[in-house]
Number of protein chains: 2
Amino acid sequence: MTSTFIGNIEARLDEKGRMFIPAVYRKILATEESQRIVMRRDTENECLVIYPERVWNQRVEQLSEELDEWNPDDQMLLMQFVADAEYIEPDSQGRILLQKRNLQQIGATSDLLIVGMMNRFAIWDKQTFLNKRIDQREFAKTLRERMTKK
Amino acid sequence: MTSTFIGNIEARLDEKGRMFIPAVYRKILATEESQRIVMRRDTENECLVIYPERVWNQRVEQLSEELDEWNPDDQMLLMQFVADAEYIEPDSQGRILLQKRNLQQIGATSDLLIVGMMNRFAIWDKQTFLNKRIDQREFAKTLRERMTKK
DNA sequence: CTGATATTCCCCACATTTCCCCACAAAATA
DNA sequence: TATTTTGTGGGGAAATGTGGGGAATATCAG
């Protein structure tokens with residue numbers, strides 16, 4: 001059983017638009033069969049999601065199975081999902097270069113936050129994430145209510 | 001049948017922010033298949049919870065099953081649960097390094113208390129725990145009422 | 001086609017953090 | 001009292017995260 005991406009790690013965007021992938025995450029990526037990773041803006045939130053290739057493939061497959069191959073609307077959905085994704089490759093220091101349009105999509109300043117999501121992880125502008133966060137007490141309450149057996 | 005985490009043990013935080021895991025607990029951890037452990041602030045109280053990886057995985061799975069994969073609110077809950085956790089690794093002496101933000105979350109002074117919770121255990125600031133404790137008589141009464149068959 | 005400009009990416013340098021290791025104190029056990 | 005186990009405290013090497021120079025490559029206007 002291998003580790004998963006958990007936790008949140010502060011990261012800085014340098015002048016050249018580069019961001020390091022935390023060593024903890026790099027180690028997990030290194031255990032993957034394929035070293036390639038895929039980045040896509042999240043469908044729900046203002047953040048970028050990074051998938052190990054295997055996980056990306058699973059996700060696309062899941063969508064393909066669920067959506068109708070001969071329904072044009074469904075196919076448009078699938079196409080758009082794929083069209084906004086791209087392979088990215090870390091440099092020799094383990095940093096990735098973020099494009100201006102990607103940065104724009106998440107309203108990036110130079111303070112970013114890398115957030116684990118088990119089989120993948122997300123890049124947020126730090127402040128955006130903090131604003132989005134449910135406050136601790138509220139979080140506990142919602143979770144409690146949601147999980148308590150009726 | 002393996003032992004569980006019970007009891008409460010005083011622990012000190014050293015200059016570098018390290019805290020030893022009591023030998024009793026280390027022995028229990030050693031019986032786990034995976035040596036990895038996960039730490040997360042507790043959702044309900046001002047303390048840090050330490051899970052053997054197996055127990056952590058169970059918990060996440062439990063949440064995943066209960067929550068809806070395509071409901072954004074549910075996903076936010078799950079993400080926040082995962083985002084506040086981290087793998088921690090004891091050093092060769094069996095100590096763990098606590099980050100400043102973790103210490104802050106529990107209002108840690110240098111006197112801590114390690115409290116068993118069966119399949120996991122918690123780290124409290126000693127004074128915080130003592131304040132939180134239900135007094136003995138009250139405790140007996142509540143327990144009696146709660147357990148008495150109606 | 002050519003030169004100017006921007007982009008990408010390799011490399012080196014350095015500050016900071018983490019963690020390995022040793023030494024020893026304190027407590028438990030024999 | 002001897003001996004093992006457990007807990008405490010640093011020194012310093014190694015890993016990690018930053019930053020930037022500059023070569024190679026791509027982009028583009030004239």
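Quick note: numbers below take in every heavy atom, side chains included, and nothing from hydrogens, waters or symmetry partners.
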*Counting heavy atoms not belonging to A:Gln99, are there more than 12 under 6.0 Å from its CD?*
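Enclosed: over 12 neighbouring heavy atoms sit under 6.0 Å from CD of A:Gln99.
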
*Verify the neighbour count for atom CG of B:Leu143: are there more than 12 heavy atoms of other residues, nucleotides or ligands below 6.0 Å?*
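Counting neighbours around CG of B:Leu143, more than 12 heavy atoms of other residues, nucleotides or ligands fall under 6.0 Å, so yes.
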
Nearest whole angstrom, please: distance from the [atom2] of [N] to the [atom1] of [X].
X: B:Ile96; N: D:dG7; atom1: CD1; atom2: C1'; result: 14 Å
X: A:Glu15; N: D:dG17; atom1: CD; atom2: C1'; result: 16 Å
X: B:Tyr25; N: D:dG7; atom1: OH; atom2: P; result: 12 Å
X: B:Phe20; N: C:dA26; atom1: CZ; atom2: C1'; result: 12 Å
X: B:Asp91; N: D:dA13; atom1: CG; atom2: P; result: 18 Å
X: A:Arg12; N: C:dA15; atom1: CZ; atom2: P; result: 16 Å
X: B:Asp14; N: C:dC24; atom1: CG; atom2: P; result: 19 Å
X: B:Lys16; N: C:dT17; atom1: NZ; atom2: C1'; result: 10 Å

Below 3.5 Å, does any donor atom in the side chain of [X] face an acceptor in the base of [N], or the other way round?
X: B:Glu89; N: C:dC19; answer: no
X: A:Arg18; N: D:dG20; answer: yes
X: A:Gln93; N: C:dC11; answer: yes
X: A:Arg95; N: D:dG19; answer: yes

*asked:* Just to be sure I understand the geometry, which residues of residues 102-114 of chain A put a non-hydrogen atom under 4.0 Å away from DNA chain C?
replied: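 Contacting residues: none.
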
Give a yes/no on whether any side-chain N or O of [X] is located under 4.0 angstrom from OP1 or OP2 of [N].
X: B:Arg26; N: D:dT5; result: no
X: A:Lys100; N: C:dT7; result: yes
X: B:Lys27; N: D:dT6; result: yes

*Using a heavy-atom cut-off of under 4.0 Å over every strand shown, decide if B:Glu10 touches base, sugar-phosphate, or nothing.*
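Nothing: the residue B:Glu10, judged by heavy atoms under 4.0 Å, touches no strand.
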
*Going through the checks in order, is the side chain to side chain donor-acceptor pair (under 3.5 Å) test met by B:Glu86 and B:Asn102?*
CA-CA 11 Å; B:Glu86 62 191 303; B:Asn102 295 326; 3.1 Å; yes

*Any donor-acceptor N/O pair, B:Asp125 side chain to B:Ala108 backbone, under 3.5 Å*: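 The answer is no, because no donor-acceptor pair under 3.5 Å joins these two groups.
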
_Ring geometry between A:Trp56 and A:Tyr51 (parallel below 30°, tilted from 30 to 60°, perpendicular above 60°)_ =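 Ring orientation of A:Tyr51 relative to A:Trp56: perpendicular.
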
*Six-ring centre of B:Phe20, B:Arg95 cation under 6.0 angstrom, axis tolerance 45°*: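 Cation-pi check for B:Arg95 and B:Phe20: fails.
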
*A:Trp124 pairs by side-chain contact (heavy atoms from CB on, under 4.5 Å) with which of A:Asp42, A:Leu48, A:Asn45?*
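Among A:Asp42, A:Leu48, A:Asn45, the one that satisfies the side-chain contact (heavy atoms from CB on, under 4.5 Å) with A:Trp124 is A:Asn45.
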
